[in-house]
Amino acid sequence: MRVTVVCVGKLKEKYWRDAAEEYRKRLSRYHKLEIVELPDEKAPESMSLAQEEEVKRKEGARICKAIKEDAYVIALAINGRVMTSEGLAEWMNKKTIDGVSHLTFVIGGSLGLSQAVLQRANFLLSFSAMTFPHQMMRVILLEQIYRAEKINRKEPYHK
């Protein structure tokens with residue numbers, strides 16, 4: 001299965017890059033993994049709602065352009081479905097059985113995802129009702145995809 005992670009923003013600190021690279025390396029045994037980093041929109045600290053929507057719209061347009069036509073899209077959204085690690089593993093396994101060959105996970109910028117991205121998504125996934133920095137979320141997502149593969153293969157790692 002191909003797995004793509006489309007994300008807004010770069011991993012600025014070395015420790016995030018190192019962590020993401022470690023999980024990328026581990027996942028390479030199981031998936032063809034692609035990480036697509038898109039630039040975030042420059043935005044002042046305080047913005048009107050209209051300005052926030054414009055930032056999300058511009059980032060959303062870049063996200064939608066980066067998503068391949070054949071992809072099953074999972075948008076990380078606070079109002080999405082919450083799963084356990086075992087639940088995510090089971091869900092991913094079911095997608096494989098159903099014939100899905102390309103999963104694309106989407107991590108938005110600091111303001112979240114545009115309506116266009118949410119509408120393009122086949123599934124909304126939430127890791128928590130809390131908000132996390134997108135750099136941290138990328139590492140958490142990669143770790144959970146890796147954990148799901150270990151669970152599905154009944155290999156040691158998940159405890």
Side-chain angles (χ1 to χ4, degrees), residues 1-11 16-40 56-159:
M1 176 178 293
R2 289 175 42 213
V3 174
T4 302
V5 177
V6 175
C7 40
V8 174
K10 291 186 181 278
L11 296 178
W16 292 128
R17 289 191 306 270
D18 290 347
E21 186 54 37
E22 177 62 27
Y23 286 109
R24 178 200 290 261
K25 185 173 71 175
R26 291 181 187 193
L27 278 165
S28 68
R29 292 182 54 210
Y30 307 110
H31 296 294
K32 179 180 181 213
L33 177 67
E34 178 183 18
I35 297 176
V36 178
E37 285 185 342
L38 302 172
D40 50 355
K56 288 196 303 188
R57 187 193 65 73
K58 287 179 180 179
E59 289 177 348
R62 285 195 285 270
I63 291 169
C64 287
K65 188 175 179 183
I67 295 171
K68 304 284 191 258
E69 238 180 83
D70 69 334
Y72 186 96
V73 179
I74 304 97
L76 275 58
I78 204 161
N79 61 341
R81 182 170 162 202
V82 177
M83 294 185 196
T84 63
S85 296
E86 296 86 354
L88 179 63
E90 184 179 324
W91 182 88
M92 288 178 67
N93 192 51
K94 184 174 180 338
K95 288 296 157 212
T96 301
I97 292 167
D98 290 346
V100 174
S101 63
H102 185 191
L103 293 177
T104 295
F105 292 87
V106 178
I107 303 171
S110 61
L111 297 174
L113 295 168
S114 71
Q115 202 56 40
V117 174
L118 295 172
Q119 288 173 349
R120 170 60 180 92
N122 301 94
F123 188 80
L124 301 182
L125 176 64
S126 174
F127 278 79
S128 171
M130 296 180 191
T131 302
F132 297 103
H134 64 272
Q135 296 182 90
M136 181 183 293
M137 197 63 241
R138 187 184 317 182
V139 174
I140 292 170
L141 173 63
L142 291 172
E143 191 280 336
Q144 285 297 299
I145 296 169
Y146 175 70
R147 183 178 297 270
E149 290 306 323
K150 297 298 264 186
I151 290 169
N152 285 335
R153 287 174 168 70
K154 297 178 182 21
E155 296 175 355
Y157 175 75
H158 177 68
K159 299 201 185 312

Peer 1: Quick check on side-chain contact (heavy atoms from CB on, under 4.5 Å): which of Thr4, Val8, Leu76, Ile67 does Val106 satisfy it with?
Peer 2: Ile67
Peer 1: Please walk me through it: do Lys56 and Glu59 pass salt bridge (Lys or Arg N to Asp or Glu O under 4.0 Å)?
Peer 2: CA-CA 5 Å; Lys56 288 196 303 188; Glu59 289 177 348; over 6 Å; no
Peer 1: Between CD1 of Ile97 and CE of Met92, what distance do you get to the nearest 0.5 Å?
Peer 2: 12.5 Å
Peer 1: Kindly compute the distance separating CD1 (Ile151) from CG (Asn93), expressed to the nearest 0.5 Å.
Peer 2: 11.0 Å
Peer 1: Quick one: closest heavy-atom pair of Ala77 and Ser126, and the distance?
Peer 2: O-CB, 3.1 Å
Peer 1: Applying side-chain contact (heavy atoms from CB on, under 4.5 Å) between Arg2 and each of Leu103, Asp70, Leu33, report the one that passes.
Peer 2: Asp70
Peer 1: Are any of the side-chain heavy atoms of Ile74 and Trp91 separated by less than 4.5 Å?
Peer 2: yes
Peer 1: Which heavy atom in Arg138 sits nearest to a heavy atom in Ile107, and how many Å separate them?
Peer 2: CA-CD1, 3.6 Å
Peer 1: Under a 4.5 Å cut-off applied to non-hydrogen side-chain atoms, are Cys7 and His134 in contact?
Peer 2: no
Peer 1: Under 4.0 Å between a Lys/Arg side-chain N and an Asp/Glu carboxylate O for Glu149 and Arg153?
Peer 2: yes
Peer 1: Taking atom CZ of Arg26 and atom CG of Leu142, what is their separation to the nearest 0.5 Å?
Peer 2: 11.5 Å
Peer 1: Flag the pair Val3 / Leu27 as yes when at least one side-chain heavy-atom distance between them is below 4.5 Å, and no otherwise.
Peer 2: no
Peer 1: What are the two closest heavy atoms between Phe127 and Leu141, and how far apart are they?
Peer 2: CZ-CD1, 3.9 Å
Peer 1: Is the side chain of Asn152 donor-acceptor paired with the backbone N or O of Ala89 at a distance under 3.5 Å, no angle test?
Peer 2: yes
Peer 1: Find the distance between CZ (Arg120) and SG (Cys64) and round it off to the nearest 0.5 Å.
Peer 2: 8.0 Å
Peer 1: Atom OH in Tyr146, atom OG in Ser28: separation rounded to 0.5 Å?
Peer 2: 10.0 Å
Peer 1: Which pair of non-hydrogen atoms, one from Val6 and one from Ile63, has the smallest distance, and what is that distance?
Peer 2: CG1-CG2, 4.2 Å
Peer 1: Using side-chain heavy atoms (C-beta onward) and a distance below 4.5 Å, is Met1 in contact with Tyr30?
Peer 2: no
Peer 1: So does Glu21 pair up with Arg24, basic N to acidic O under 4.0 Å?
Peer 2: yes
Peer 1: Could you walk me through whether Glu143 and Arg147 satisfy the salt bridge (Lys or Arg N to Asp or Glu O under 4.0 Å) test, starting with their C-alpha distance in whole Å, then the side-chain angles of each, then the deciding distance to 0.1 Å, before giving a yes or no?
Peer 2: CA-CA 6 Å; Glu143 191 280 336; Arg147 183 178 297 270; 2.8 Å; yes
Peer 1: With rounding to the nearest 0.5 Å, note down the distance linking NZ in Lys95 to CD in Glu90.
Peer 2: 11.5 Å
Peer 1: How close do Leu125 and Phe105 get, counting heavy atoms only, and between which atoms?
Peer 2: CD2-CE2, 4.4 Å
Peer 1: On a heavy-atom basis, which atom in Trp16 and which in Leu11 lie closest, and how many Å separate them?
Peer 2: O-CD1, 3.7 Å
